[in-house]
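Written out below as C-alpha cells is the structure these notes cover.
Treat the numbers as computed from the prediction; the structure is a model and nothing was measured.
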Amino acid sequence: ERKARAMAQAATSPFVARIEAMTADWYASRGVGDDLARWEEAGRNSLEKAELLKRLALMRAREARGDDALAAVEAALKHAPEAAMLHRIAVALTAGGDDVMDRARAKCPRDPEIWLAWLLSHAEKGRDAAWFEAAAKAAAEGAQFSVETTVRAGDWMLRKGFVQAASLL
C-alpha cells in the first residue's frame, strides 16, 4: 500500500497516478468491495481500461480469488483482445481450460508461452505420440518460435517420452 501511494504521488502521468492510487486503496481495504466497473471506468481509453483491469486481476489472484481474477481478465480482454499477457493470465487462472486455451491460441498463435501451455494441456488430455509429432513438425516447418522455445518444447517432449516428436524440433 505504501509503495503504491508513493508511486502515485511521484507520478507525472495522470494514468500512473490513478492506477497506483487505486492500487493503494485496494490494498488498504484488502480488496473488500472492489468493483470491476469502477476499475474499468477509471480508464480513458481501451489500453488504460485493459491495464487497470489486469492490475485488478493480478491483485485478486494474489488473494486466491481465482474466479474474481478471471472475471477481471475477461473484462480486460474485451478492450485488448489480442494482448498475449492477458491470455497467458487467463490460461494460468483456468489451468489451460479448453475454451480459454483455444481462444488464446487463436488470438496469439505465435506466442511461445501460450504454445508451450497448449502442448502441456494436450498431454494432460492423453494425446498420443503421433499428435505430438504432428505438432512438432508444424512448429518446425513454420519456424514459428525461437530456438529457446523449441529447445524447451523438445526437452519437455523428450522427458515425456515423445522422442520422435522432440527430434523434429
Side-chain angles (χ1 to χ4, degrees), residues 15 19 22-23 26 31 34-37 39-43 45-169:
F15 173 70
I19 194 172
M22 290 179 76
T23 299
W26 190 92
D34 62 0
D35 179 36
L36 194 65
W39 282 76
E40 188 169 17
E41 291 166 2
N45 56 45
S46 287
L47 184 61
E48 287 186 2
K49 289 175 188 299
E51 187 61 30
L52 281 154
L53 290 165
K54 181 182 85 173
R55 174 75 61 96
L56 178 60
L58 293 174
M59 291 185 302
R60 286 175 167 182
R62 284 186 200 116
E63 296 294 318
R65 295 171 52 196
D67 290 343
D68 292 338
L70 185 58
V73 170
E74 293 294 342
L77 280 165
K78 290 176 184 170
H79 297 286
E82 298 191 11
M85 184 54 68
L86 293 174
H87 286 287
R88 289 178 183 183
I89 295 167
V91 166
L93 289 169
T94 61
D98 289 342
D99 292 345
V100 171
M101 184 61 71
D102 291 345
R103 182 183 61 199
R105 284 281 295 151
K107 291 290 186 180
C108 308
R110 297 182 58 85
D111 184 85
E113 299 303 322
I114 291 172
W115 181 67
L116 291 168
W118 177 74
L119 290 175
L120 271 61
S121 74
H122 282 282
E124 291 172 2
K125 293 176 187 172
R127 297 287 187 174
D128 64 8
W131 188 92
F132 284 97
E133 289 169 21
K137 185 176 180 182
E141 286 176 354
Q144 298 176 14
F145 303 106
S146 69
V147 171
E148 174 194 12
T149 299
T150 55
V151 167
R152 287 171 61 199
D155 178 62
W156 176 82
M157 289 178 183
L158 188 61
R159 286 185 282 120
K160 290 293 185 182
F162 301 122
V163 177
Q164 180 60 31
S167 72
L168 295 171
L169 293 173

Legend entry - From CA spacing to verdict: salt bridge (Lys or Arg N to Asp or Glu O under 4.0 Å), Glu113, Arg152: CA-CA 10 Å; Glu113 299 303 322; Arg152 287 171 61 199; 2.8 Å; yes
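The OG1 atom of Thr23 sits 4.0 Å away from atom CH2 of Trp39, with the distance rounded to the nearest 0.5 Å. Residue Leu86 holds its CG atom at 6.5 Å from NZ of Lys54, rounded to the nearest 0.5 Å. With rounding to the nearest 0.5 Å, the separation of CD in Glu133 from CZ in Arg127 is 14.0 Å. In this structure, OG1 on Thr150 lies 11.0 Å from CD on Gln144, to the nearest 0.5 angstrom. Separating the CZ atom in Arg88 from the CG atom in Leu116 is a distance of 9.5 Å, to the nearest 0.5 Å. Once rounded to the nearest 0.5 Å, the distance linking CD1 of Ile89 with CG of Leu77 reads 9.0 Å.
Heavy atoms from other residues, nucleotides or ligands lying under 6.0 Å from CG of Asn45 number more than 12. Atom CG of Asp99 has 12 or fewer heavy atoms from other residues, nucleotides or ligands within 6.0 Å.
Scanning both residues, Arg110 and Phe145, for their nearest heavy atoms gives O-CE2, 3.5 Å. Looking at every heavy atom in both residues, Val91 comes nearest to Val100 through N-CG1, 3.7 Å. Nearest heavy-atom pair across Ala166 and Leu158 is CB-N, 3.9 Å. The two residues Thr149 and Pro112 make their nearest non-hydrogen contact at OG1-CB, 3.3 Å. Contact between Leu56 and Trp26 at its shortest, heavy atoms only, is CD1-NE1, 3.7 Å. For Ala84 against Cys108, the heavy-atom pair with the smallest separation is CA-SG, 3.7 Å.
Ring orientation note: the planes of Trp118 and Trp131 are tilted relative to one another, at an angle of 30° to 60°.
Looking at His87 and Asp111, their side chains never come closer than 4.5 Å, going by heavy atoms from C-beta outward. In this structure, the side chains of Arg60 and Leu36 come closer than 4.5 Å at one or more pairs of heavy atoms. Counting heavy atoms from C-beta on, the side chains of Arg65 and Asp34 come closer than 4.5 Å.
Exactly one of Glu48, Lys49, Glu40, Glu51 qualifies for a side-chain hydrogen bond (donor to acceptor under 3.5 Å, both in side chains) with His79. That residue is Glu40.
A ring-ring contact (aromatic ring centres under 6.0 Å, His included) check over residues 146-169, counting only residues at least two apart or in different chains, returns the pairs Phe132-Trp156, Phe132-Phe162.
For Arg62, the side chain to side chain contact (heavy atoms under 4.5 Å, CB included) partners at least two apart in sequence or on another chain are Tyr27, Leu58, Met59.
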